[in-house]
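Counting convention: from 1, in listed order, for ligands and their atoms alike.
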Amino acid sequence: MITLEPPADGQTPVRALTIAGSDSGGGAGIQADMRTMALSGVHGCVAITAVTVQNSVGVTGIHEIPPETVAAQVRSVVTDIGVSAAKTGMLASAPIIDAVVAVCAELGIGGGGDIPLVVDPVCASMHGDPLLALDALDSVRQQLIPQATLVTPNLDEVRLITGIDVVDDGTQHKAAAALVELGARWALVKGGHLRSSDESPDLLYDGDRFHEFRTVRVPTGHDHGGGDTLASAITCALAHGFSMPEAVEYGKAWVHRCLQAAYPLGHGHGPVSPLWRLSGPDRALD
Ligand SMILES: Nc1ncnc2c1ncn2[C@@H]1O[C@H](COP(=O)(O)OP(=O)(O)O)[C@@H](O)[C@H]1O
Ligand SMILES: Cc1ncc(COP(=O)(O)O)c(N)n1
């Protein structure tokens, strides 16, 4: 297993960018991304796509940021601060997807560029509340996925994007192939929603080789932000220069540990937690 070395005092850390929505409950979205990046020793930059009114029970409001402001945030940080990897989460609408894809292509993020782009094609919250306009699915298929170095859908997103209902190993392989066929360089079909299994199997494919990542299922109802946390950890490892299979192995181990540390919050689902990183003998300030 790889390790991500934190920077020495005063040294500029590795930088990564998240292009995603804000979760006022602090469990998912930008807030989850920034927690994982900070606790992985990576400086996280942010392009906010939407402000959600959200708590542990659900999403009751969405305020979209104008597409040109989303693109301007990306351009501003990449041309000044510089990033070694980027990820997308909630993109809300077709116009925002189009703006993000255009600015990423302009700056060499994803596609044929040098900066890897991890696309978590968020369609809905875990409570079932929509986070993407239904008419944006064509943009996801035709614009966003071809720009992705890695696309990381859960099983509901796989069904919406490819029409494939993943119920077992065979359909999971078929879905990964369909996503690569749509133009992703790599596809990771997450098995967290295969609740009949004792394991949580994720399948990675690049059009040539399949790689399986399996962990024992953690018995928790508090898994809010799990997908964002996985994609962010993978993005951090890619930003450090590791290969895709190494980065996914790291991300899978990271989210597994964060699921073990997940805690209750509010009246609904609590978040996965990277705060386990703060425990240990070196944590005192003195
Ligand atoms: N109960 C669980 N135990 C162990 N791993 C899990 C569990 N639930 C999800 N995972 C893992 O967490 C990550 C996020 O998965 P998933 O729940 O499928 O996506 P999302 O959060 O986007 O809905 C994947 O690596 C998945 O295998
Ligand atoms: C802003 C934002 N981004 C992503 C998610 C998905 O996370 P989850 O599937 O855990 O609800 C979310 N709920 N809110």
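Taking atom 22 (O) of ligand 1 as the reference point, the nearest protein heavy-atom neighbour is K190 NZ, 2.8 Å. Looking only at protein heavy atoms, the nearest one to atom 4 (C) of ligand 1 is V218 N, 3.5 Å. In terms of protein heavy-atom proximity, atom 9 (C) of ligand 1 is nearest to G192 CA, 3.6 Å.
Contact check on D165 versus R159 returns a salt bridge, with a Lys/Arg side-chain nitrogen under 4.0 Å from an Asp/Glu carboxylate oxygen. E199 and R214 are joined by a salt bridge, as a carboxylate oxygen and a charged side-chain nitrogen come within less than 4.0 angstrom of each other.
Of the candidates V158, D202, V122, it is D202 that places a heavy atom closest to atom 25 (O) of ligand 1. Comparing heavy-atom distances from atom 11 (C) of ligand 1 across G227, C123, A253, S200 singles out S200 as nearest. Atom 7 (C) of ligand 1 has its nearest heavy-atom neighbour, among L259, V248, V255, in L259.
Proximity to L230 (heavy-atom distance under 4.0 Å) selects the following atoms of ligand 1: 24 (C), 25 (O). Proximity to V216 (heavy-atom distance under 4.0 Å) selects the following atoms of ligand 1: 4 (C). The distance from ligand 1 to the heavy atoms of K252 drops below 4.0 Å at these ligand atoms: 25 (O), 26 (C), 27 (O).
No side-chain donor-acceptor contact under 3.5 Å links T162 to the backbone of A178. Within the 3.5 Å criterion, the main-chain N or O of M90 finds a donor-acceptor partner in the side chain of T49. One N or O on the side chain of Q147 and one on the backbone of I109 form a donor-acceptor pair closer than 3.5 Å. For the pair R15 (side chain) and V42 (backbone), a donor-acceptor distance under 3.5 Å is absent. Side-chain atoms of D129 come within 3.5 Å of backbone atoms of V59 as a donor-acceptor pair (strictly under, hydrogens ignored).
Taking any N or O of G191, backbone or side chain, none lies under 3.5 Å from an N or O belonging to ligand 1. Residue contacts with ligand 1: D223 is placed with no nitrogen or oxygen under 3.5 Å of a nitrogen or oxygen of the ligand (distance criterion only). For a threshold of 3.5 Å applied to N or O pairs, the pair formed by E157 and ligand 1 contains no separation below that value. When only interatomic distances are considered, the shortest N/O to N/O separation between H256 and ligand 1 does not fall below 3.5 Å.
Note on residues 172-193: pairs passing side-chain hydrogen bond (donor to acceptor under 3.5 Å, both in side chains), not counting sequence neighbours, are D156-H193.
When every heavy atom of S22 is checked against every heavy atom of I30, the shortest pair comes out as N-CG1, 4.2 Å. Nearest heavy atoms, V140 versus I161: CG1-CD1, 4.0 Å. The shortest non-hydrogen separation linking L204 to P245 is CD2-CA, 4.0 Å.
Between Y205 and F210, the two ring planes are parallel [angle under 30°; tilted spans 30° to 60°].
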Measure from every N or O atom of ligand 2 to the protein's N or O atoms and keep only the pairs below 3.5 Å, writing each with atom names and distance to 0.1 Å.
{"unit_1": "ligand 2", "atom_1": "9 (O)", "unit_2": "M126", "atom_2": "N", "d": "3.4"}
{"unit_1": "ligand 2", "atom_1": "10 (O)", "unit_2": "H224", "atom_2": "ND1", "d": "3.0"}
{"unit_1": "ligand 2", "atom_1": "10 (O)", "unit_2": "G225", "atom_2": "N", "d": "2.7"}
{"unit_1": "ligand 2", "atom_1": "11 (O)", "unit_2": "M126", "atom_2": "N", "d": "2.8"}
{"unit_1": "ligand 2", "atom_1": "11 (O)", "unit_2": "H224", "atom_2": "ND1", "d": "3.2"}
{"unit_1": "ligand 2", "atom_1": "13 (N)", "unit_2": "Q54", "atom_2": "OE1", "d": "2.8"}
{"unit_1": "ligand 2", "atom_1": "14 (N)", "unit_2": "Q54", "atom_2": "NE2", "d": "3.2"}

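Using modelled atom types and a 3.5 Å distance limit, the side chains of E246 and S243 yield a donor-acceptor pair.
Note on ligand 1: T229 sits outside its first shell, no heavy atom being nearer than 4.0 Å.
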